[in-house]
Amino acid sequence: MNYDSRFSRVLSRLTELVLLNFVFILTCLPILTIGASVTALYSITLKMARNEEGYIIQGYFKDFAKNFKQATAFWLIELLLYFQLRVLYIAAAVNGGAMFQIYTVITWGLGILYSLYFLFVFPLTATFQNTFLNIAKNAFAMIIAHLPWVLAAYLIAAVPLAVSFGINTRILKFAMLFWILIGFALVTFFSSFCLNRVFKRYMDTDS
């Protein structure tokens with residue numbers, strides 16, 4: 001049980017992720033704070049992936065407060081966009097027929113694009129200090145320029161969620177335990193390795 005052994009390091013990292021996951025869920029409970037919580041979570045896991053993290057909990061709440069306004073603004077916009085898609089989907093369902101099929105494809109397509117964009121916006125906000133408009137604008141350019149890595153980060157997050165909540169209730173019972181215990185922090189941690197590959201190209205020039 002050498003403290004410097006690989007097993008000890010992995011166990012220590014998992015313990016940190018469990019603790020981080022608990023704090024993340026706690027700060028998400030008001031719902032309005034989810035954007036700031038996701039940003040703070042990415043801020044810590046991005047540093048963990050680079051082995052640059054300090055105190056996990058103190059760092060989390062510091063980043064939560066620092067990015068609260070911008071992250072909350074992005075979160076409210078995301079909610080409005082998804083609400084719009086939901087309204088369009090319900091309207092198409094009422095009309096039925098071919099229109100319903102068309103709107104189903106449109107809503108799913110836009111929903112995936114929205115989630116891809118906002119998955120990138122929150123860690124971008126956590127990594128670089130900039131104005132709201134510049135972050136929103138830079139996110140588009142960086143996603144296009146580094147699409148393979150952004151897609152990889154997206155799939156790391158999206159696939160476990162789809163498997164957990166989109167198959168059957170039997171899997172959902174175990175999935176809920178996974179997400180409550182460590183899931184959000186673990187998935188974000190793994191996706192952070194892909195996102196760091198994108199962000200490191202801009203860190204030297206970041207002001």
Side-chain angles (χ1 to χ4, degrees), residues 1-76 78-79 115 118-129 135 149-150 152-166 171-200 203:
M1 293 297 292
N2 187 343
Y3 286 110
D4 292 327
S5 69
R6 183 178 182 85
F7 174 78
S8 296
R9 292 196 299 270
V10 171
L11 185 61
S12 175
R13 182 63 84 200
L14 288 175
T15 303
E16 291 171 345
L17 289 172
V18 169
L19 185 59
L20 185 60
N21 198 75
F22 172 77
V23 176
F24 169 74
I25 293 175
L26 188 65
T27 56
C28 280
L29 292 180
I31 298 179
L32 180 66
T33 61
I34 288 178
S37 300
V38 172
T39 302
L41 180 63
Y42 264 111
S43 180
I44 299 301
T45 57
L46 286 163
K47 293 172 186 174
M48 292 172 72
R50 300 193 301 265
N51 291 313
E52 296 177 358
E53 78 280 3
Y55 294 103
I56 301 296
I57 303 304
Q58 292 92 326
Y60 179 92
F61 283 107
K62 179 181 177 181
D63 292 323
F64 180 91
K66 181 178 69 174
N67 298 304
F68 182 83
K69 289 183 179 180
Q70 286 188 338
T72 302
F74 280 120
W75 170 238
L76 292 176
E78 183 178 7
L79 285 179
S115 59
F118 285 102
L119 177 138
F120 191 79
V121 158
F122 292 121
L124 183 63
T125 302
T127 305
F128 300 101
Q129 294 297 306
I135 290 175
W149 286 114
V150 177
Y154 174 78
L155 291 175
I156 289 171
V159 171
L161 285 169
V163 172
S164 298
F165 300 102
I171 292 179
L172 180 60
K173 294 177 182 178
F174 295 100
M176 289 298 293
L177 179 62
F178 166 73
W179 291 107
I180 292 172
L181 180 63
I182 195 175
F184 296 106
L186 184 65
V187 166
T188 305
F189 175 65
F190 283 127
S191 68
S192 292
F193 285 94
C194 299
L195 294 172
N196 272 330
R197 295 292 296 265
V198 177
F199 295 150
K200 71 178 183 179
M203 284 181 174

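Counting only heavy atoms from C-beta outward, the side chains of L32 and L76 approach each other to under 4.5 Å. At a threshold of 4.5 Å between non-hydrogen side-chain atoms, the residues L181 and N21 do not count as touching. At a threshold of 4.5 Å between non-hydrogen side-chain atoms, the residues I56 and I44 count as touching. Taking 4.5 Å as the limit, some side-chain heavy atom of M48 sits within range of a side-chain heavy atom of L17. Side-chain contact check for D63 versus K66: some heavy-atom pair is nearer than 4.5 Å.
Under the ring pair (Phe, Tyr, Trp, His ring centres under 6.0 Å) criterion, F184 pairs with F24, W179, not counting sequence neighbours. The ring pair (Phe, Tyr, Trp, His ring centres under 6.0 Å) search around F68 returns F64, not counting sequence neighbours.
Judged by distance alone, with hydrogens and angles left aside, the side-chain atoms of S192 form a donor-acceptor pair with the main-chain N or O of T188 at under 3.5 Å. With hydrogens and angles disregarded, a donor-acceptor distance shorter than 3.5 Å links the side chain of W75 to the backbone of I31.
A distance of 11.0 Å separates CD1 of I182 from CG of L19, quoted to the nearest 0.5 Å. The CG atom of L20 sits 9.0 Å away from atom CD of E16, with the distance rounded to the nearest 0.5 Å. One finds the CZ atom of F74 at 15.0 Å from the NZ atom of K69 (value rounded to the nearest 0.5 Å).
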Under the criterion side chain to side chain contact (heavy atoms under 4.5 Å, CB included), I'd like the reasoning laid out for N67 against Q129: C-alpha separation, chi angles, the key distance, then a yes or no. CA-CA 9 Å; N67 298 304; Q129 294 297 306; 3.8 Å; yes
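The residue from L14, I156, T45 that alone fulfils the side chain to side chain contact (heavy atoms under 4.5 Å, CB included) condition with F189 is T45.
When all heavy atoms of T15 and L11 are compared, the pair lying nearest together is OG1-O, 2.8 Å. Heavy-atom minimum distance, P160 versus S164: O-OG, 2.6 Å. Between A49 and F193 the shortest heavy-atom distance is O-CE2, 3.6 Å.
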Side-chain donor-acceptor contacts of residues 34-42 below 3.5 Å, not counting sequence neighbours, with atom names and distances?
residue, atom, partner, partner atom, Å
S37, OG, T27, O, 3.2
S37, OG, T27, OG1, 2.9
S37, OG, T33, O, 2.9
T39, OG1, G35, O, 2.9
Y42, OH, S191, OG, 3.2

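Under a cut-off of 6.0 angstrom, the local environment of CZ in F22 is sparse, with at most 12 non-hydrogen atoms contributed by other residues, nucleotides or ligands. The local environment of NZ in K62 is sparse, with at most 12 non-hydrogen atoms from other residues, nucleotides or ligands closer than 6.0 Å. Crowding of F190 atom CZ: a count of heavy atoms from other residues, nucleotides or ligands under 6.0 Å not exceeding 12.
Between F199 and F120, the ring-plane angle classifies as tilted under the 30° and 60° cut-offs.
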